[in-house]
Amino acid sequence: MEGIVVKAVGGFYNVRTDDNKMYQCKARGRFKQESLNIFVGDRVYFTQTNENEGVVEKVAPKKNRLVRPPIVNVETVIIFFSLKDPPINLLLLDRILVLAESNYLEPVICLNKIDLVKEEEIEAQEIYQSIGYSIILTSALTGQGVQQVKECLKDKISVFTGPSGSGKSTFLNRVQPALKLKVGKISSKTRRGKQTTRNVELLPFDFGGMVADSPGFSQLDLVDIQSDELPFLFPEFARISVNCKFSSCAHEHEPSCAVKEALERGEINQSRYKHYLVFLQELREMERSY
Ligand SMILES: Nc1nc2c(ncn2[C@@H]2O[C@H](COP(=O)(O)OP(=O)(O)O)[C@@H](O)[C@H]2O)c(=O)[nH]1
Ligand SMILES: [Mg+2]
Ligand SMILES: [Zn+2]
């Protein structure tokens, strides 16, 4: 039999089969040493030992792995920012996009709390749409964007990520009220919500697909990324860098750099380029400290 690990606690794996039955599984003896290699999100093959128990025999190859929360085979990452309370932070958005790109995830950017701002005031929408990212304007309050987000979640393993207080839990409850996720109260001091989500578990959508109940990328260090990879994690840079004089161009001080030329023509966004330099510095400093 086969299914997906939706929860892992103390050597037990809760596995959901494609026909939505749950089995509590242990790892086969021989496999136990490798049991550290079984994660939430893994597709596993198991032998049924009891009505709702089994033994994992084999794990399918993983497509990717997030470190925090520990979850594998994520396909869609819903990047959730509110436009107000708290306001959008483009440096953090670019950091999450770099992490998503480096993990081969398909990012969808939700700009939430659209009910609090005017649509024509949303600068971020144009910047990121022109790069090619999917943007959905949402409101957990009015329900705007719920249908569009559902289409992105259908039949996929997804994580929601983004700052605390941006409305992730409220919105997910709107997508599927039965999830009953805890909603954090915004503290009037910081205008940020409290962190209310913890252990990772995949929750099923009744329209198909699953979502991690704790936010992805909760550790936002750019670990495991090499500084010379970074130019390829900004897709709009990668597309035109074929025209840079040097194939290893870091788009910094090199002559005949197509990226810098595009920046001067206004075809590359200033804040994206600025954040690129911030991350480049960060990665080089990490590399020097090894
Ligand atoms: N005006 C408005 N408030 C929202 C919206 N979505 C969430 N909120 C509020 O923002 C606060 C934080 O929401 P929560 O779902 O806990 O955010 P999370 O930390 O990202 O999970 C709560 O007080 C929600 O009621 C929205 O679309 N519009
Ligand atoms: Mg939450
Ligand atoms: Zn260049």
Side-chain angles (χ1 to χ4, degrees), residues 4 6 16 18 20 40-41 43 62-66 69 71-83 88-90 92-115 119 122 124-181 183 197 200-218 220 233-236:
I4 290 174
V6 296
R16 184 183 292 112
D18 293 343
N20 254 322
V40 168
R43 178 161 277 272
K62 304 175 206 308
K63 289 180 205 150
N64 58 27
R65 178 152 100 84
L66 300 186
I71 178 171
V72 299
N73 297 330
V74 173
E75 295 163 282
T76 303
V77 58
I78 308 286
I79 305 175
F80 226 77
F81 275 89
S82 50
L83 293 158
I88 188 164
N89 174 340
L90 295 184
L92 183 58
L93 172 56
D94 286 335
R95 188 180 292 275
I96 295 173
L97 285 170
V98 164
L99 285 165
E101 295 285 348
S102 76
N103 283 287
Y104 309 103
L105 297 170
E106 204 182 288
V108 175
I109 303 167
C110 287
L111 302 177
N112 192 41
K113 308 198 187 180
I114 180 77
D115 55 285
E119 219 166 284
I122 309 165
Q125 184 177 19
E126 207 193 300
I127 301 175
Y128 291 91
Q129 238 156 17
S130 72
I131 298 168
Y133 287 118
S134 307
I135 302 268
I136 304 177
L137 301 176
T138 62
S139 168
L141 213 68
T142 67
Q144 181 174 337
V146 170
Q147 206 46 47
Q148 261 175 292
V149 174
K150 271 187 173 178
E151 278 155 32
C152 302
L153 299 171
K154 193 174 157 33
D155 299 331
K156 303 241 172 78
I157 295 182
S158 319
V159 294
F160 275 60
T161 188
S164 166
S166 59
K168 298 179 290 298
S169 303
T170 313
F171 192 82
L172 268 168
N173 283 336
R174 186 106 197 187
V175 166
Q176 182 159 312
L179 287 178
K180 291 213 180 66
L181 296 173
V183 174
T197 26
V200 64
E201 180 174 357
L202 286 175
L203 306 172
F205 289 121
D206 50 22
F207 52 86
M210 286 184 259
V211 65
D213 70 340
S214 93
F217 304 127
S218 46
L220 289 169
L233 303 178
F234 280 68
E236 76 274 40

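A quick note: this is a predicted structure, and the numbers were derived from the prediction, not measured.
For CD of E126, the number of neighbouring non-hydrogen atoms (other residues, nucleotides, ligands) closer than 6.0 Å is 12 at most.
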Verdict with supporting geometry, I4 and L202, side-chain contact (heavy atoms from CB on, under 4.5 Å): CA-CA 9 Å; I4 290 174; L202 286 175; 4.2 Å; yes
For V211 and L172, run side-chain contact (heavy atoms from CB on, under 4.5 Å): C-alpha distance rounded to whole Å, both residues' side-chain angles, the deciding distance at 0.1 Å, then the answer. CA-CA 9 Å; V211 65; L172 268 168; 4.3 Å; yes
Checking side-chain contact (heavy atoms from CB on, under 4.5 Å) for the pair L93/Y128: CA distance, chi angles, key distance, verdict? CA-CA 10 Å; L93 172 56; Y128 291 91; 3.6 Å; yes
Could you check F81 against I96 for side-chain contact (heavy atoms from CB on, under 4.5 Å), going step by step and ending with a plain yes or no? CA-CA 11 Å; F81 275 89; I96 295 173; 4.1 Å; yes
Side-chain donor/acceptor pairs under 3.5 Å, residues 149-162, sequence neighbours excluded:
residue, atom, partner, partner atom, Å
K154, NZ, F207, O, 3.3
T161, OG1, G216, O, 2.7

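Formation of a donor-acceptor pair under 3.5 Å by the Q176 side chain with backbone atoms of D206 is found in this model. Between the N103 side chain and the L66 main chain, no donor and acceptor come within less than 3.5 Å of each other. Between the side chain of R174 and the backbone N or O of L141 there is at least one donor-acceptor pair closer than 3.5 Å. For the pair N73 (side chain) and K63 (backbone), a donor-acceptor distance under 3.5 Å is present. Listed for the K168 side chain is a donor-acceptor partner under 3.5 Å among the backbone atoms of P163.
For the pair A124 and L90, the tightest heavy-atom approach, listed with the atom from each and the gap, is CB-CD2, 4.2 Å. Nearest heavy atom pair, residue P107 against residue I79, reads CB-CD1, 3.8 Å. In plain terms, the two heavy atoms of A100 and V77 that are nearest each other are CB-CG1, 3.9 Å. Closest approach of A212 to V200, counting heavy atoms only: CB-CG2, 4.1 Å.
F234 CZ to I131 CD1: the interatomic distance, rounded to the nearest 0.5 Å, is 8.5 Å. A distance of 11.5 Å separates CG of N89 from OG of S166, quoted to the nearest 0.5 Å. L111 contributes atom CG, which lies 10.0 Å from atom CD of E119 (distance to the nearest 0.5 angstrom). One finds the CD atom of Q144 at 9.5 Å from the CZ atom of F171 (value rounded to the nearest 0.5 Å). Here the NZ atom belonging to K113 is positioned 9.5 Å from the CZ atom belonging to F80, to the nearest 0.5 angstrom. The structure places CD1 of I122 at 12.0 Å from CD1 of I127, a figure rounded to the nearest 0.5 Å.
In this structure, Q147 and V175 have side chains that are not in contact, with every pair of non-hydrogen atoms separated by 4.5 Å or more.
The side chain to side chain donor-acceptor pair (under 3.5 Å) test applied to S139 returns D115, T142, not counting sequence neighbours. Checked against side chain to side chain contact (heavy atoms under 4.5 Å, CB included), R16 has the following partners two or more places apart in sequence or in another chain: V6, N20, M22, P204, M210.
Each of I114, I109, N112 was compared with L137 under the side chain to side chain contact (heavy atoms under 4.5 Å, CB included) criterion, and only I114 meets it.
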